Amino acid sequence: MHFFRYRGNELFCEDVSLVHLARRYGTPLYVYSQRTLEQNFRRLDEAMAPLRHLPCYAVKANSNLAVLRVMADLGGGFDVVSGGELQRVLAAGGKAERCIFAGVAKTEKEIAQALRAGIYCFNVESVPELERIDRVAADLGTVAPVAVRVNPDVAARTHAKITTGTYQNKFGIAFEQVEGVYARAARRRHLWLRGLQMHIGSQLVRVDPFEQAVRKVAPLAHRLKDRYGIEFFSIGGGLGIVYEQALASGDPAWWQSPQGRRMLTPEVYARRLVPLLEPLGLRILLEPGRFLTGNAGVLVTRVEYIKQTGSKTFVIVDAAMTELIRPAFYDAYHEIVPLRRRKTPAVVCDVVGGVCESGDYFCKDRALPRVRQGDLLAILSAGAYGSVMASNYNTRPLAAEVLVSGSRAALVRKRQPVEAIWGLEQLAPWQQ
Ligand code: LLP
């Protein structure tokens with residue numbers, strides 16, 4: 001579900017025209033819908049209501065302070081993967097005691113920072129990390145809450161670059177080793193065995209891998225609860241969203257359509273998983289990222305040139321892989337629609353950015369309504385893993401971000417001034 005719709009022939013975010021926003025704030029521009037964020041959160045929250053649970057928003061998906069504030073106001077917790085993300089959450093008004101801290105490379109400094117802030121738990125990815133956390137906690141004269149991330153060795157059946165729960169991946173501790181690790185960790189004075197965590201991958205569009213992983217790991221969670229009194233089990237994130245026909249997916253009737261759509265709803269997810277989790281009597285944590293923000297954001301871009309080369313038509317736009325790297329990096333599909341619909345014939349084209357890389361494209365050989373120089377387009381489903389993966393490659397400033405709520409729109413990140421890109425650089429003394 002989302003709130004990007006045509007009104008007449010013009011695309012709106014909630015009650016605000018995207019053409020109006022593009023004129024006011026320029027392009028490329030990310031636009032986020034607050035109502036979509038809220039609705040997605042509530043929908044997942046309600047589906048999981050039979051369980052004592054906490055959705056911990058995966059900050060990496062979209063870490064804009066205003067987005068984080070929406071999640072905090074909804075009562076969500078946060079899944080952070082760096083000291084920087086933790087600081088962002090706190091800056092946005094989130095609470096440390098609702099934060100879990102994941103990631104395979106936590107530094108001593110980050111561990112100390114998180115302990116001082118009073119986070120809910122570390123999700124620990126290796127034995128040396130457990131030892132380090134114990135040591136840092138001892139130095140600070142405190143006890144660190146920890147959960148081991150179990151790698152259940154279950155294939156998520158998603159893109160290889162976002163599969164995390166098999167033994168080919170760097171994440172977590174192998175299922176067979178986990179009980180031994182808890183036994184050893186229990187002897188350390190500065191560790192508090194508070195939970196168990198897993199995350200098998202991202203953009204899962206089928207519920208079976210989730211079910212398989214929960215069936216495999218739930219008995220382990222049960223034993224750890226009996227033996228060490230753990231209080232929570234985090235089942236990670238990974239709920240996939242609709243990328244193809246993303247615009248149509250904003251229509252509730254479309255979501256209810258029973259068959260033939262590659263989609264995984266929170267209701268289906270909950271129907272399969274709640275019965276397996278309920279008997280544990282543990283607090284269940286969720287770590288949704290993409291599900292909450294993905295379809296809540298679009299990237300608005302302007303057509304700079306139309307170029308014919310041989311038999312191909314290239315639509316060259318002012319956004320590029322620097323604003324949305326997903327097509328280049330994962331061959332990801334993002335729907336592209338004009339902000340102003342006209343009755344024009346379809347043209348097969350590549351929509352590309354201006355970065356000097358052949359991989360810098362948004363789509364290839366796709367039939368799109370014919371566009372002209374100066375037209376505005378929306379690249380859909382850009383709310384997750386869009387702005388957070390942006391770069392300054394080719395000295396392109398980071399784009400602006402706008403949050404819409406009803407008929408209100410606010411700039412929630414200014415466009416980066418170009419001088420800021422080299423603001424931390426300086427000449428060597430012998431060059432001056
Ligand atoms: N929890 C953990 C431990 C994770 O590693 C991730 C994502 C999540 C939760 C949230 O997953 P989600 O609900 O968003 O699927 N850049 C890639 C996605 C990378 C996902 C990394 N981990 C993309 O654009 O598809």
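Along the sequence shown, residues carry numbers from 1. Order of listing sets the numbers, starting from 1, for every ligand and every atom in it. This is a predicted model, so every value here is computed, not measured.
Each of the atoms 11 (O), 12 (P), 13 (O), 15 (O) of ligand 1 lies under 4.0 Å from some heavy atom of Gly238. For ligand 1, the atoms lying closer than 4.0 Å to a non-hydrogen atom of Asp79 are 1 (N), 2 (C), 9 (C). Close approach to Gly289 involves these atoms of ligand 1, each under 4.0 Å from a residue heavy atom: 12 (P), 13 (O), 14 (O). Residue Pro288 has at least one heavy-atom neighbour below 4.0 Å for each of these atoms of ligand 1: 13 (O). Residue contact check: Gly237 has heavy atoms under 4.0 Å from atoms 9 (C), 13 (O) of ligand 1.
Residue contact check for ligand 1: Phe291 places no non-hydrogen atom closer than 4.0 Å to it.
For atom 10 (C) of ligand 1, the candidate residues are Arg149, Met198, Glu287; the nearest heavy-atom contact is made by Glu287. Between the choices Gln203, Met389, Arg290, the shortest heavy-atom distance to atom 25 (O) of ligand 1 belongs to Arg290. Distances from atom 5 (O) of ligand 1 to the heavy atoms of Glu125, Gln197, His199, Arg326 show the closest one on His199.
Ser202 and Arg290 form a side-chain donor-acceptor contact under 3.5 Å, judged by distance and modelled atom types alone. There is a side-chain donor-acceptor pair under 3.5 Å between Gln416 and Asn392. For the 3.5 Å distance criterion, the side chains of His199 and Asp79 fail to qualify, holding no donor opposite an acceptor. For the residue pair Gln197 and Glu287, a side-chain donor N or O sits within less than 3.5 Å of a side-chain acceptor on the partner. Residues Tyr32 and Glu401 have side chains that bring a donor and an acceptor to within less than 3.5 angstrom of each other.
The nearest protein atom to atom 21 (C) of ligand 1, hydrogens excluded, is given as Lys60 CD, 3.8 Å; this is a heavy-atom distance. Given atom 19 (C) of ligand 1, the protein heavy atom at minimum distance is Ile162 CG2, 3.6 Å. Nearest to atom 15 (O) of ligand 1 among the protein's heavy atoms is Ser202 OG, 2.4 Å. When hydrogens are left out, the protein atom nearest atom 17 (C) of ligand 1 is Tyr330 OH, 2.9 Å; that is the closest non-hydrogen contact. In terms of protein heavy-atom proximity, atom 20 (C) of ligand 1 is nearest to Tyr385 OH, 3.6 Å.
For Arg283, there are no salt bridge (Lys or Arg N to Asp or Glu O under 4.0 Å) partners, not counting sequence neighbours. With sequence neighbours excluded, no residue forms a salt bridge (Lys or Arg N to Asp or Glu O under 4.0 Å) with Glu357.
Geometric assessment of Lys60 against the ring of Tyr385 yields a negative cation-pi assignment under the 6.0 Å and 45° thresholds.
Contact check on Lys312 versus Asp350 returns a salt bridge, with a Lys/Arg side-chain nitrogen under 4.0 Å from an Asp/Glu carboxylate oxygen.
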